[in-house]
Colleague: 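I have a structure I would like to understand better, so I am pasting it below and will then ask my questions one at a time.
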Amino acid sequence: MNDFAREFPDRLRAAGVVGAGGAGFPAYVKASGKAEYVLVNAAECEPLLKKDQKLLEYHPQKVFDGLELMMRSTGASKGILGIKKKHEKIIKRLEEIARARKNVSVSLLGDYYPAGDEQCLVYDITGRLAPMGGIPLDVGCVVSNVETLYNAALSYKKPVTEKYITVTGAVKTPCTIKVPVGITYAEAIEIAGGLKIKYAAGIDGGPMMGKVITDFGTLVNKTSGGLIVLPKDHPLILKKAMGRPAFSRIGRSVCDQCSFCTELCPRYLLGHSIQPHRAMRSLLFSGGGRKVHSEYALLCCECSLCSLYSCPEGLSPRDVCVAAKSDLREIKVGFKNSALNLNPAAAAHPVREERKVPVSKLIKRLGLDDYNVDAPYLEHEYKPRRVRIQLSQHIGVPCSPIVGPGRNVKKGDVVGDLPADRLGCPVHASIDGKVSKINDKYVEIEA
Ligand code: SF4
Ligand code: SF4
């Protein structure tokens, strides 16, 4: 291992760089692996979100810098940025930048959902099929989000204290903005001109994988992708907010086992043993407090395509799979010790290409046509009076506060940390100010 491969992951950890595309996986772990390819996930396939496109439009060199650093650290000989070919305007520039560098290129993807699922991305760009229950590194690939690589390139100068988010939907000025970590979505909505409607709810993240929020006091953290504001009674909000008793009861009585959910499932189409219709079937046996769940749920990547697009009855196979995985975890059944692990993935489905779901159709199905507008980058400098820095903004062990109330901090100071041998990254003050409150969730700083 060369000196850079030892030093760079430490730099990423100290700067608090984590997966900015929603997962929050600490970037230093990926930088510590050995790979042949580093892939930039610029698919941004969640409808309405634009922040990766805007970052590539305004800071493409930085993203490629991050890609090259990640390639050096992992020993990868090829770096490929995967972006949908519909983004013609920025692609020309990206290809120019790639040509001026060594061993990096741009790969064009179709406009389907979920093109950014990392196993789909690896297969579409390299033709390599990650094993069931495995990760891209199993086939020599590291996949990183656009903003993660941007943050990696900046990690020598400053830690992660700012976040790019798209604020769109029923707001007056849909936009993409850079804001300090730890502000609220209510503040982000104000930057976007305020609400256009009276009774609003939001989706924190994309419409497919994001979570419904009714409290706009929810904090922006290092993994936030954006906020989609919709009327409280929008069918997407109602569907996503449905609880387990309701989706289980309805699923049990309505599912006719047509198996459309399985036939269009992106992981099934990669040849994986995921069959959501079988998970639905298990509902018939799990009433009355009993938990009988199908192991066919175990390989679900929670993309929501089955629930929000495929099922003709409007049922929620994704939520049933998520619930099944949780129940199976309780009895210590995971993919590795399940019966599914006996059959290795053979090959992608022969009609995978024909079954890919176009994003335009998906937007229509989600009832989001009226909100499908650009969210241009809005240049502004927002100076909040207060931020709350969450202690858990990554996969792994939450941080513990390392500052006390009354302490003066500068932007970039570490305010929460964890032992070096635990999975996770420190968190940093995003403004200058005084620590005004600490609890087990966040460190509050007032300017
Ligand atoms: S698509 Fe819907 S109705 Fe058909 S099997 Fe799946 S959950 Fe049941
Ligand atoms: S959410 Fe549905 S479509 Fe997506 S991986 Fe899971 S089962 Fe397949």
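Owing to the predicted nature of the structure, the values given are computational and were not obtained by experimental measurement. All heavy atoms count here, side chains included; hydrogens, waters and symmetry mates do not. Counting starts at 1 for both ligands and their atoms, following the listed order.
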Colleague: Does atom CZ (Phe260) have a neighbourhood of more than 12 heavy atoms from anything else shown, all under 6.0 Å?
Modeller: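 Check fails, neighbour count at 12 or below.
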
Colleague: Closer than 4.0 Å to some heavy atom of Asp256 - which atoms of ligand 1 meet that?
Modeller: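 Atoms satisfying the 4.0 Å criterion: 3 (S), 4 (Fe).
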
Colleague: Could you name each residue pair satisfying ring pair (Phe, Tyr, Trp, His ring centres under 6.0 Å) that touches residues 199-257, not counting sequence neighbours?
Modeller: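 Pairs touching residues 199-257 that pass the test: none.
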
Colleague: When you measure from atom 8 (Fe) of ligand 1 to every protein heavy atom, which one gives the shortest distance, and what is it?
Modeller: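 Result: Cys255 SG, 2.3 Å.
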
Colleague: Under 4.0 Å from a heavy atom of Pro266: which atoms of ligand 2 are those, numbered in the order shown and with their elements?
Modeller: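 Ligand 2 atoms under the 4.0 Å threshold to Pro266: 3 (S).
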
Colleague: Classify the side-chain pair Gln61/Arg101 by whether it contains a donor and acceptor separated by less than 3.5 Å.
Modeller: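 Yes, side-chain donor-acceptor contact under 3.5 Å.
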
Colleague: Within a distance under 4.0 Å of any heavy atom of Glu313, pick out the atoms of ligand 1 and give their elements.
Modeller: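 Those qualifying, in numeric order: 3 (S).
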
Colleague: Measure the distance from atom 4 (Fe) of ligand 1 to every protein heavy atom, then report the residue, atom name and distance (to 0.1 Å) of the closest one.
Modeller: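 The closest heavy atom on the protein side is Cys258 SG, 2.3 Å.
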
Colleague: Would Ser316 and Ser307 count as having a side-chain donor-acceptor pair, cut-off 3.5 Å?
Modeller: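 Looking only at side-chain atoms, Ser307 and Ser316 do not form any donor-acceptor pair under 3.5 Å.
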
Colleague: Show which atoms of ligand 1 fall inside a sub-4.0 Å distance from at least one heavy-atom site of His277.
Modeller: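 Checking each atom against His277, I get 5 (S).
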
Colleague: Mark up the atoms of ligand 1 that fall under 4.0 Å of a heavy atom belonging to Cys311, in ascending order.
Modeller: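 Once the distances to Cys311 are compared, the set is 1 (S), 2 (Fe), 3 (S), 7 (S).
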
Colleague: Is there a heavy atom of Pro312 sitting under 4.0 angstrom from any atom of ligand 1?
Modeller: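 Yes, Pro312 has heavy atoms under 4.0 Å from ligand 1.
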
Colleague: Could you grab the protein N, O or S atoms closer than 2.8 Å to atom 6 (Fe) of ligand 2 for me?
Modeller: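 Listed by chain and number: Cys300 SG.
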
Colleague: Look at atom 6 (Fe) of ligand 1 and say which protein heavy atom is nearest, naming residue and atom and giving the distance to 0.1 Å.
Modeller: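 For atom 6 (Fe) of ligand 1, the nearest protein heavy atom is Cys261 SG, 2.4 Å.
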
Colleague: Under a 4.0 Å threshold between the charged nitrogen and the carboxylate oxygen, would Lys85 count as salt-bridged to Glu88?
Modeller: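 So Glu88 does not pair with Lys85 through a salt bridge.
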
Colleague: With atoms numbered from 1 as shown, which atoms in ligand 1 lie under 4.0 angstrom from a non-hydrogen atom of Ser259?
Modeller: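 Counting atoms of ligand 1 from 1, those under 4.0 Å from Ser259 are 4 (Fe), 5 (S).
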
Colleague: Do you see a donor-acceptor pair shorter than 3.5 Å between the side chains of Thr262 and His277?
Modeller: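 A pair is found: one side chain offers a donor N or O, the other an acceptor, under 3.5 Å apart.
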
Colleague: Apply side chain to side chain contact (heavy atoms under 4.5 Å, CB included) to Pro245 and list each qualifying residue two or more places apart in sequence or on a separate chain.
Modeller: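 By the side chain to side chain contact (heavy atoms under 4.5 Å, CB included) rule, Pro245 matches no residue at all.
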
Colleague: Under 3.5 Å, side chain of Thr166 to main-chain N/O of Thr176, donor-acceptor pair present?
Modeller: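 Judged by distance alone, no pair lies under 3.5 Å.
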
Colleague: Under a 4.0 Å threshold between the charged nitrogen and the carboxylate oxygen, would Lys163 count as salt-bridged to Glu147?
Modeller: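 Salt bridge present between Glu147 and Lys163.
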
Colleague: Give the atoms of ligand 1, by number and element, whose distance to some non-hydrogen atom of Met280 is under 4.0 Å.
Modeller: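 Counting atoms of ligand 1 from 1, those under 4.0 Å from Met280 are 7 (S).
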
Colleague: State which residues pass ring-ring contact (aromatic ring centres under 6.0 Å, His included) with Tyr150; sequence neighbours excluded, sorted by chain then number.
Modeller: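 Per chain and number, Tyr150 pairs via ring-ring contact (aromatic ring centres under 6.0 Å, His included) with His59, Tyr164.
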
Colleague: Could you tell me whether the side chains of Glu57 and Tyr377 share a donor-acceptor contact shorter than 3.5 Å?
Modeller: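 No, because no side-chain N or O of Glu57 sits under 3.5 Å from a partner of the opposite role on Tyr377.
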
